[in-house]
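Notes follow the structure.
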Amino acid sequence: MNRIARDFPPNSEAGFISLIQSSQSLHHLKQIHALVLRLHLFFSSIPISTQLLSSSSRLHSIPFSLSLFRLSPCPSPSLFNALIRALSDHSLPFLALSHFALMFNSSLRPGRLAFPFALKSAAALSQPSLAFSLHAAASKASLDLDSFVRTSLADMYVKLGFLDCALNVFDETPAWHLAGNVLLWNVVLNGLCRDGDVERARELFDVMPERSVASWNSLVHGLLKRGDLDAAVELFEGMPERNVVSWTTMVVGLSRNGDNQRAVWMFDRMLENGVRGNEFTVAAALSACARMGALESGLRVHEYALANGFRENGAVGTALVDMYSKCGKIECASEVFDRMERRDVLTWTAMIMGWAIHGHWRKAFQCFEDMKCARVKPDDGVFLAVLMACVHSGKVEKGLELFDSMRFYYQIEPTMKHYTCIVDLLGRAGRLEEALEFMKAMPVEPDFVLWGALFSACRVHKNIEMAELAAENLLRLKPSHSGGYVFLSNMYSSARRWDDAEKVRTTMKDQSVGKSPGWSYIEVRGQTHCFYAGDQSHPQSNEIHNRLEELVLRAKEQGYEPDTECVLHDIEDEDKEDSLECHSEKLALAFGLISTANGEEIRIVKNLRVCGDCHSLMKVASLICGREIILRDNKRFHHFNSGVCSCGDYW
DNA sequence: CTAGGGTTAG
């Protein structure tokens with residue numbers, strides 16, 4: 001206290017500057033400003049006004065920055081620079097550039113400190129013509145030899161997608177200049193990785209005079225983006241140092257490539273290495289748990305987040321909503337959602353999608369209405385989520401209405417995903433002709449996924465002619481994809497056209513197309529147990545099979561009849577009766593029954609759609625075992641309780 | 001002036 005009293009108010013310019021730099025609130029800053037004005041001390045001092053402006057930007061008060069600028073009767077170059085930087089830092093590229101123009105047209109020409117932020121703003125506005133003009137202006141002012149300016153130029157071109165221009169900037173940089181500018185190397189390296197040219201990036205990486213963590217991070221990201229997991233992991237393991245970005249890159253990359261188990265493991269390893277995650281690392285880890293349906297891991301990450309002061313907001317909040325909903329805990333998702341203070345369009349999408357996959361269409365619609373009341377502007381993703389709610393509950397008219405309002409009222413251009421949703425919506429409801437007509441009227445060529453949606457609808461509603469058409473297109477679009485063959489073969493089997501089914505099977509074997517195996521997994525006390533169809537590799541295999549047999553016997557007493565048609569769909573299994581009993585979800589269920597306490601809920605995650613037979617067995621099992629069974633298939637959730645399923649047998 | 005980042009159809 002004493003010390004402050006003695007030095008206050010400062011009696012030198014330097015004293016004021018350090019006071020300004022240490023200010024921790026806007027209020028404090030304004031008091032200092034008032035003092036400067038009142039004491040008529042240094043009020044026209046360039047360093048003091050510049051420092052005031054920079055500090056107001058640091059404290060995120062752009063209005064105050066602007067008024068400081070306007071108050072200045074004769075703005076100095078450094079005040080201009082500080083303002084342009086402040087505006088650029090706060091994503092106000094248009095304002096930044098208009099002040100840059102003001103400076104440019106005054107007698108004060110922008111210097112090496114103003115250009116970089118103007119270039120960044122031009123990139124943010126994605127205005128190529130502006131970018132080229134700025135480049136020319138920098139050359140004319142002979143500033144393009146400055147390393148700060150050159151790096152910004154290259155970065156601007158990368159962000160605008162003009163990789164060639166960025167490479168030109170790089171190539172035309174004198175060697176002596178390049179040697180000491182890691183940042184320029186990194187910018188180009190990153191540009192190459194973003195463009196998918198990892199080979200060239202690697203070459204550049206190998207000859208770099210000096211590398212920073214960012215160089216490694218870029219290359220790791222490039223490899224992950226390409227799906228080259230092994231190479232990425234190898235590079236990552238060989239890094240001389242890793243920071244939070246490195247770890248986040250790995251968690252996200254592994255998860256996006258389907259290796260969620262390893263993604264969560266990476267997150268744990270990061271913590272073991274004493275690196276503190278940020279909100280995005282936490283969100284990425286939660287996302288990996290969500291994709292796996294691993295509730296126990298998800299809960300652990302949630303605990304970490306709470307213990308480390310991450311608010312249930314923004315990316316973390318959204319990821320939590322998504323994690324709980326994809327792990328079967330829709331009520332928990334809803335609780336987190338209600339607790340959140342700010343919800344953006346992604347948060348609403350995650351919540352609506354949650355209600356949709358759990359079959360609560362009313363909740364999904366209500367949520368959509370609430371979102372509009374909260375004045376959050378719907379985007380294409382939200383419509384996808386609401387459409388999904390319609391698909392999973394057979395609300396055909398409502399879905400078509402939504403689709404039209406999206407296009408005509410909200411002026412949102414539908415994507416292939418939306419078209420697929422509509423075809424799925426019509427198809428599932430048995431309105432196949434309409435679905436096909438809809439496809440013909442689409443402005444774009446249907447893709448593999450869309451034909452797949454039509455095909456499954458044909459199978460459910462046993463329309464062989466249309467199914468053949470769909471199958472032809474599936475095979476045309478992806479000859480190597482096993483799905484097309486499996487679909488086709490299944491269809492012939494269902495129609496008892498054994499010869500045709502056999503023909504397809506032979507073609508499949510000739511071209512050595514593999515079928516992706518079905519698996520299910522269940523988490524029991526922090527351990528995950530994965531089962532394949534007909535799996536006998538589990539140490540408790542005998543017990544599991546016995547428990548399953550017993551269950552089937554008791555289920556039959558309750559009127560359960562094995563549905564052999566499902567077996568026919570499993571073209572690789574020769575022995576019908578056996579295979580029916582060995583679907584992976586049944587094994588997971590039996591294991592769940594013997595390894596959890598009576599009455600405890602059983603959560604199973606499956607990578608394919610649940611078959612009709614397993615679905616009926618699950619229903620009966622929930623009744624005779626008095627358990628809630630929560631099954632996530634690759635589309636949605638089935639909550640089995642007292643003999644009924646939440647999907648209402650519509651899936 | 002550099003690296004990573006939450007939701008989304010079959």
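Note on naming: letters A, B, ... go to the chains in the order of the sequence lines (proteins, then strands), and numbering restarts at 1 for each one.
For A/S287, the side-chain atoms get nearest to B/dT7 when compared with the rest of B/dA3, B/dG10, B/dT7. Candidate nucleotides B/dG6, B/dT2, B/dG10 were compared by shortest atom distance to the side chain of A/S212, and B/dT2 ranks first. Distance from the side chain of A/A350 is smallest for B/dT7 among the nucleotides B/dG10, B/dT2, B/dT7. Of the candidates B/dT2, B/dA3, B/dG10, the closest approach to any side-chain atom of A/K159 belongs to B/dT2. With distances taken from any side-chain atom of A/D424 to the nucleotides B/dT7, B/dC1, B/dA9, the minimum falls on B/dA9. In this structure, of B/dA3, B/dG10, B/dC1, it is B/dC1 that holds the atom nearest to the side chain of A/S152. Among the nucleotides B/dA3, B/dC1, B/dG6, the one closest to any side-chain atom of A/A283 is B/dG6. In the set B/dG10, B/dC1, B/dG6, B/dC1 carries the atom at the smallest distance from any side-chain atom of A/T151. Comparing atom distances between the A/T420 side chain and each of B/dG10, B/dG6, B/dT2 picks out B/dG10 as nearest. Checked against B/dG4, B/dG6, B/dT8, the side chain of A/D344 finds its nearest nucleotide in B/dG6.
When side chains are defined from C-beta on, A/M371 does not count as touching A/M351, because their heavy atoms never get closer than 4.5 Å. Side-chain contact between A/V149 and A/L153 is present, with at least one heavy-atom pair separated by less than 4.5 Å. A/V264 places none of its side-chain heavy atoms less than 4.5 Å from the side chain of A/N260. By the 4.5 Å heavy-atom criterion applied to side chains, A/L477 and A/P446 are not counted as neighbours. Looking at A/M239 and A/V213, their side chains come closer than 4.5 Å, going by heavy atoms from C-beta outward.
The nearest whole Å value for the distance from the CE atom in A/M239 to the P atom in B/dA3 is 14 Å. Rounded to whole Å, the distance from CE on A/M353 to P on B/dT7 is 12 Å. Atom-to-atom, CD of A/E210 to P of B/dT2 comes out at 17 Å; the value is rounded to the nearest Å. For the pair A/L384 CG and B/dT7 P, the interatomic distance rounds to 14 Å; values are reported in whole Å. Taking atom CG on A/L425 and atom P on B/dG10, their separation rounds to 11 Å, with Å as the unit. Atom CZ of A/R609 and atom C1' of B/dG10 are 9 Å apart (whole Å). With rounding to whole Å, A/M270 atom CE is found 12 Å from B/dG4 atom C1'. The distance from atom CE of A/M416 to atom C1' of B/dT8 is 15 Å, rounded to the nearest whole Å.
Contact annotation: A/R211 does not reach the phosphate of B/dA3 (side-chain N/O to OP1 or OP2, under 4.0 Å). Using a 4.0 Å cut-off, no side-chain N or O of A/K417 falls inside it from OP1 or OP2 of B/dG10. Applying the 4.0 Å criterion to OP1 and OP2 of B/dT8, one finds that A/K326 has a side-chain N or O inside that range. Put simply, A/T415 has no side-chain N or O that comes within less than 4.0 Å of OP1 or OP2 on B/dT8. Residue A/R242 has no polar side-chain atom (N or O) positioned under 4.0 Å from OP1 or OP2 of B/dA3. OP1 or OP2 of B/dA9 has not a single side-chain nitrogen or oxygen of A/R428 nearer than 4.0 Å. Contact annotation: A/N190 side-chain N/O to B/dA3 OP1/OP2 distance is under 4.0 Å. Between A/H221 and B/dG4 there is a side-chain N or O to OP1 or OP2 distance below 4.0 Å.
If you check every strand for non-hydrogen atoms under 4.0 Å, A/N181 touches nothing. Using a 4.0 Å heavy-atom distance criterion, A/R256 is classed as a sugar-phosphate-only contact. Looking at heavy-atom distances under 4.0 Å, A/G253 makes no contact with the nucleic acid at all. Residue A/A385 is out of contact with every strand shown, counting any heavy-atom pair closer than 4.0 Å. Residue A/M388 is classed as a sugar-phosphate contact, given heavy-atom separations below 4.0 Å to backbone atoms only.
Side-chain atoms of A/N634 stay outside donor-acceptor range of the base of B/dG10, with no qualifying N/O pair under 3.5 Å. Remark: the A/T249 side chain and the B/dG4 base include no donor-acceptor N/O pair separated by less than 3.5 Å.
In this structure A/H135 satisfies the ring pair (Phe, Tyr, Trp, His ring centres under 6.0 Å) test together with A/Y157, sequence neighbours excluded. A/Y324 is linked by a ring pair (Phe, Tyr, Trp, His ring centres under 6.0 Å) to A/H302, counting only residues two or more places apart in sequence or in another chain.
Around atom NZ of A/K372, more than 12 heavy atoms belonging to other residues, nucleotides or ligands sit under 6.0 Å away.
Between A/D197 atom CG and A/E203 atom CD the span is 8.0 Å, to the nearest 0.5 Å.
Using a 4.0 Å cut-off on heavy atoms, the residues of residues 112-120 of chain A that approach DNA chain B are A/F117, A/K120, listed by number.
The pair A/D268-A/R300 meets the salt-bridge criterion, with a side-chain N (NZ, NE, NH1 or NH2) lying under 4.0 Å from an Asp/Glu carboxylate O.
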